[in-house]
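Structure first, commentary second.
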Amino acid sequence: MVHFQTTTGGVKLFVTVDKLFKTGNDTEVAAAYLADSLASGNGLKDAMEGAVEDLDGFFTLACGTEEGFSVVRDEFACKPAVLAETDDYVAIASEYQALSSLPGIENAKLWEPEAGTVLFLVIIR
């Protein structure tokens, strides 16, 4: 179980059974969680599924490795995310405006990831 705790001065603590990570930034907590999970031998999809189960709070995470690219929102989908997909690319942003200048965006499939569902795209070489 991972627990976010705000202490005096806004310091965040990332605590697991055997590790302590100190930061003032929730994004760093999520990044440390994923890095630790990947370093422990989990694949990207498993690491992201673990994040949904273990991270307590509101978040949208996007992570890429040599294995692929993954996006997940917390189980309440409180944080925004919009994906755009064409034959040439997949893009993610927190709002459509950030995607609006991409080439071919007018023909892109646009959608918001569902709450608590891990999207995993495999890189084909």
Side-chain angles (χ1 to χ4, degrees):
M1 176 64 168
V2 177
H3 176 69
F4 294 110
Q5 177 183 348
T6 302
T7 60
T8 305
V11 174
K12 305 290 182 185
L13 297 177
F14 165 65
V15 182
T16 64
V17 174
D18 60 349
K19 295 183 181 179
L20 174 66
F21 175 78
K22 184 177 177 181
T23 181
N25 184 305
D26 289 346
T27 302
E28 290 177 356
V29 172
Y33 175 87
L34 291 174
D36 185 60
S37 183
L38 293 167
S40 296
N42 290 318
L44 179 57
K45 186 171 188 254
D46 290 337
M48 295 294 265
E49 287 172 349
V52 172
E53 188 173 316
D54 292 341
L55 296 179
D56 181 25
F58 306 123
F59 57 85
T60 295
L61 303 176
C63 186
T65 67
E66 291 178 354
E67 187 181 354
F69 177 77
S70 187
V71 176
V72 66
R73 295 170 80 187
D74 66 82
E75 294 179 333
F76 300 103
C78 289
K79 298 293 184 181
V82 178
L83 278 93
E85 180 181 359
T86 70
D87 290 340
D88 297 319
Y89 64 79
V90 175
I92 181 172
S94 59
E95 59 184 52
Y96 174 77
Q97 183 62 31
L99 302 171
S100 65
S101 64
L102 292 174
I105 193 68
E106 62 279 354
N107 298 316
K109 175 186 172 189
L110 299 168
W111 81 98
E112 292 185 34
E114 291 185 34
T117 302
V118 174
L119 298 175
F120 181 70
L121 299 112
V122 177
I123 296 174
I124 300 172
R125 297 174 199 255

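If you're wondering where the values come from, they're calculated on a predicted model, not measured in any experiment. Here, residue 1 is the first one in the sequence, and each next residue gets the next number.
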- Going through the distances and angles, do V122 and F69 end up as a side chain to side chain contact (heavy atoms under 4.5 Å, CB included)? CA-CA 7 Å; V122 177; F69 177 77; over 6 Å; no
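At least one donor-acceptor pair closer than 3.5 Å links the side chain of R73 to the backbone N or O of P113. At distances below 3.5 Å, at least one donor-acceptor pair connects side-chain atoms of Y33 with backbone N or O atoms of G50.
Rounded to the nearest 0.5 angstrom, L44 CG and L38 CG are separated by 6.0 Å. Distance OG1/T86 to CG/N107: 9.0 Å, rounded to 0.5 Å. Here CZ of F59 is found 11.5 Å from NZ of K79. Values are rounded to the nearest 0.5 Å. Distance check, rounded to the nearest 0.5 Å: OG1 of T60 to CD of E112 gives 9.5 Å. To the nearest 0.5 Å, atoms CG (L34) and CG (L55) are separated by 7.0 Å.
E85 CD: more than 12 foreign heavy atoms inside a 6.0 Å radius. The environment of CZ in F76 is sparse: at most 12 heavy-atom neighbours from other residues, nucleotides or ligands sit within 6.0 Å. Heavy atoms of other residues, nucleotides or ligands lying less than 6.0 angstrom from CD of Q97 number 12 at most.
Salt bridge status for E67 with K45: absent, with no side-chain N to carboxylate O gap under 4.0 Å.
Side-chain contact check for D46 versus F120: every heavy-atom pair is 4.5 Å or farther apart.
Linking Ile, Leu, Val, Met, Phe, Trp and Tyr whenever their side-chain heavy atoms come within less than 4.5 Å puts V90 and L119 in one cluster.
Between A84 and A108, the closest heavy-atom pair is CB-CB, 4.2 Å.
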